Amino acid sequence: MRRVVVTGMGAITPIGLSVESFWDSVKAKKTGFGPITKFDASDYKVKLAAEVKGFQAKEYMDPKSARRMETFSQYAVAATKEALEQAGISMEQEDPYRVGVSIGSGIGSLQAAEREYEKILTKGPSRVNPLLVPLMISNMAAGNVSIAFGLKGKSINVVTACATGTNSIGEAYRAIQYGEADVMAAGGAESSICPLGVAGFCALTALSMSGDPAKCSIPFDKDRSGFVMGEGAAVVILEELEHAKKRGAKILAEVGGYGASSDAYHITSPAEDGEGAARAMENALQDAGVQKEDILYINAHGTSTHHNDLFETRAIKKLFGEHAKNLYVNSTKSMVGHMLGAAGAIEFVTCVKEIEENYIHPTVGFSESEEEMDLNYVKDNGISVNVEYALSNSLGFGGHNASILVKKYREEA
């Protein structure tokens with residue numbers, strides 16, 4: 001098995017348009033919640049979202065290319081640009097067929113569907129944009145990244161709802177491990193803060209209806225009432241270790257293990273006993289050859305919904321037993337909301353930064369939990385502690401469970 005390391009990262013988020021600005025905001029406990037501005041939400045029960053602010057596509061790509069992309073694809077290209085630049089990848093010096101893409105989107109563009117369906121109703125089917133399909137379909141984040149940067153290797157779009165980002169990075173890790181690629185741009189992108197997206201999740205009663213930006217996304221809190229929709233993208237450059245060393249790349253962290261499972265239980269709710277999520281975490285640890293007692297930190301899926309936070313807590317207890325009491329468990333969604341297909345990717349970026357700086361961020365807004373939820377959810381302030389391993393969880397509608405283990409890079413495995 002070939003070792004896989006992280007050499008670059010990029011991010012477009014509700015609290016920063018780069019990894020540096022995002023991470024500075026995380027350390028400052030800044031949140032990205034505010035009134036929905038992307039459409040008139042006055043008739044909607046949900047009034048708040050975590051929108052990306054100040055993004056200008058022309059700053060990352062030429063305007064003509066930008067016009068042929070929906071927002072989720074623009075976010076993906078922008079995040080990849082930053083990640084490639086940090087990694088110092090020069091495609092003139094690479095075999096382009098050994099550099100691939102694994103960037104997923106849970107939904108693609110609902111906005112394109114809304115716009116063009118309105119045209120059908122008002123002007124007839126002949127007026128539909130000829131580019132509707134390539135604008136709308138979820139694989140175009142990966143497709144546009146491949147085109148923009150000349151990445152001709154394996155290019156895939158994993159779609160597992162809210163587990164998309166983690167599965168995408170995990171599958172990129174596997175591709176490099178097994179020799180299908182030397183370098184992969186991997187992550188997730190999403191932009192679904194639009195009438196159809198908000199109405200759909202609202203009808204599911206999955207979204208928080210809180211009007212208080214400070215108390216709308218409060219994972220693991222007894223007063224949690226649903227998730228807050230976020231948007232953005234995060235992309236990381238994964239690279240085979242010897243390839244990275246040969247070109248003198250700075251290594252940020254190493255991917256240690258990856259695990260996945262399915263609840264086979266319900267279309268939206270995780271399994272109540274946490275068995276599926278526990279198995280995904282266990283698979284990741286076994287893949288990495290790491291003992292449960294070696295883990296001290298988990299970046300939880302932590303959506304701020306009643307079922308997820310309770311059942312994920314049960315999953316952690318089921319796997320770790322008494323050691324669960326020694327774990328630090330936090331949720332990055334307490335600051336950026338739920339970025340859907342990009343959630344696992346931005347949480348992976350967070351894990352790498354926490355490993356680099358030996359700092360675990362707090363679950364912002366968390367105050368008091370319920371009796372059964374008695375883990376250390378990192379209340380109030382961040383913690384300075386050696387972070388050797390970070391286990392990141394993502395759980396998606398349909399019962400998709402994914403866990404990925406990030407670890408400090410050591411010369412010797």
Side-chain angles (χ1 to χ4, degrees), residues 1 3-6 163 166-167 169-170 173-174 177 219-220 253-263 265 270-303 308-332 344 347-348 350-356 358-363 369 372-379 382-396 399-410 412-413:
M1 291 291 185
R3 290 173 68 185
V4 180
V5 295
V6 184
T166 298
N167 280 135
I169 295 172
Y173 163 65
R174 286 279 186 261
Q177 267 191 322
F220 304 108
E254 182 171 358
V255 183
Y258 167 53
S261 71
S262 180
D263 288 335
Y265 172 70
E272 294 186 18
D273 62 358
E275 176 63 36
R279 179 59 65 91
M281 289 187 280
E282 184 175 26
N283 290 347
L285 297 186
Q286 288 180 349
D287 187 42
V290 171
Q291 300 301 309
K292 297 172 191 175
E293 291 71 26
D294 294 328
I295 304 300
L296 289 176
Y297 167 58
I298 296 175
N299 188 298
H301 188 54
T303 60
N308 176 90
D309 296 1
L310 175 60
F311 301 163
E312 188 175 8
T313 295
R314 289 175 179 171
I316 292 167
K317 289 182 173 182
K318 179 179 285 288
L319 176 63
F320 289 94
E322 283 299 308
H323 182 59
K325 296 176 182 177
N326 302 320
L327 297 170
Y328 298 107
V329 180
N330 67 0
S331 173
T332 307
E347 288 153 13
F348 183 97
T350 302
C351 288
V352 172
K353 295 303 294 183
E354 288 174 316
I355 286 170
E356 283 189 311
N358 290 312
Y359 171 81
I360 297 173
H361 76 70
T363 301
S369 200
E372 189 177 343
M373 294 167 56
D374 55 357
L375 301 180
N376 180 355
Y377 301 112
V378 194
K379 182 180 176 182
I383 297 167
S384 294
V385 62
N386 180 49
V387 184
E388 194 71 26
Y389 300 101
L391 185 62
S392 181
N393 291 338
S394 293
L395 318 176
H400 305 285
N401 305 305
S403 293
I404 197 158
L405 184 73
V406 193
K407 65 180 185 178
K408 264 192 172 70
Y409 169 69
R410 307 285 187 193
E412 297 299 324

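Owing to the predicted nature of the structure, the values given are computational and were not obtained by experimental measurement.
Checked against side chain to side chain contact (heavy atoms under 4.5 Å, CB included), His400 has the following partners two or more places apart in sequence or in another chain: Thr160, Ala163. Residues that satisfy the side chain to side chain contact (heavy atoms under 4.5 Å, CB included) test with Glu322, not counting sequence neighbours, are Lys325. A search for ring pair (Phe, Tyr, Trp, His ring centres under 6.0 Å) contacts involving Phe311 returns His307, not counting sequence neighbours. Taking Asn358 as the reference, Asn386, Val387, Lys408 meet the side chain to side chain contact (heavy atoms under 4.5 Å, CB included) condition, with sequence neighbours excluded.
Annotation: side chain of Phe320 is not in contact with side chain of Leu375 (no heavy-atom distance under 4.5 Å). The shortest side-chain heavy-atom distance between Thr166 and Phe348 does not fall under the 4.5 Å cut-off. At least one side-chain heavy atom of Ile316 sits under 4.5 Å from a side-chain heavy atom of Met281. A heavy-atom distance below 4.5 Å is not found between the side chains of Ile355 and Tyr389. The side-chain heavy atoms of Tyr328 and Val385, taken from C-beta on, include a pair separated by under 4.5 Å. Glu312 places a side-chain heavy atom less than 4.5 Å from the side chain of Asn393. Two residues are said to be in side-chain contact when any heavy atoms from C-beta on lie closer than 4.5 Å; Asn308 and Leu395 meet this criterion. Proximity of Leu391 to Asn299: side-chain heavy atoms (C-beta onward) are nowhere separated by under 4.5 Å.
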Check: residues 287-296 side-chain donor-acceptor pairs under 3.5 Å, at least two apart:
| residue | atom | partner | partner atom | Å |
| --- | --- | --- | --- | --- |
| Asp287 | OD2 | Arg174 | NH1 | 3.1 |
| Asp287 | OD2 | Arg174 | NH2 | 3.4 |
| Asp287 | OD2 | Tyr258 | N | 3.0 |
| Lys292 | NZ | Leu319 | O | 3.3 |
| Asp294 | OD2 | Gln291 | N | 3.1 |

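Results of the side chain to side chain contact (heavy atoms under 4.5 Å, CB included) test with Val255 over Val406, Leu405, Ile404 single out Ile404 as the only residue that passes. Remark: of the listed residues Glu347, His361, Glu354, His361 is the sole one forming a side chain to side chain donor-acceptor pair (under 3.5 Å) with Thr332.
Listed by first then second residue, pairs satisfying side chain to side chain donor-acceptor pair (under 3.5 Å) with a partner in residues 272-284 read Tyr265-Glu272, not counting sequence neighbours.
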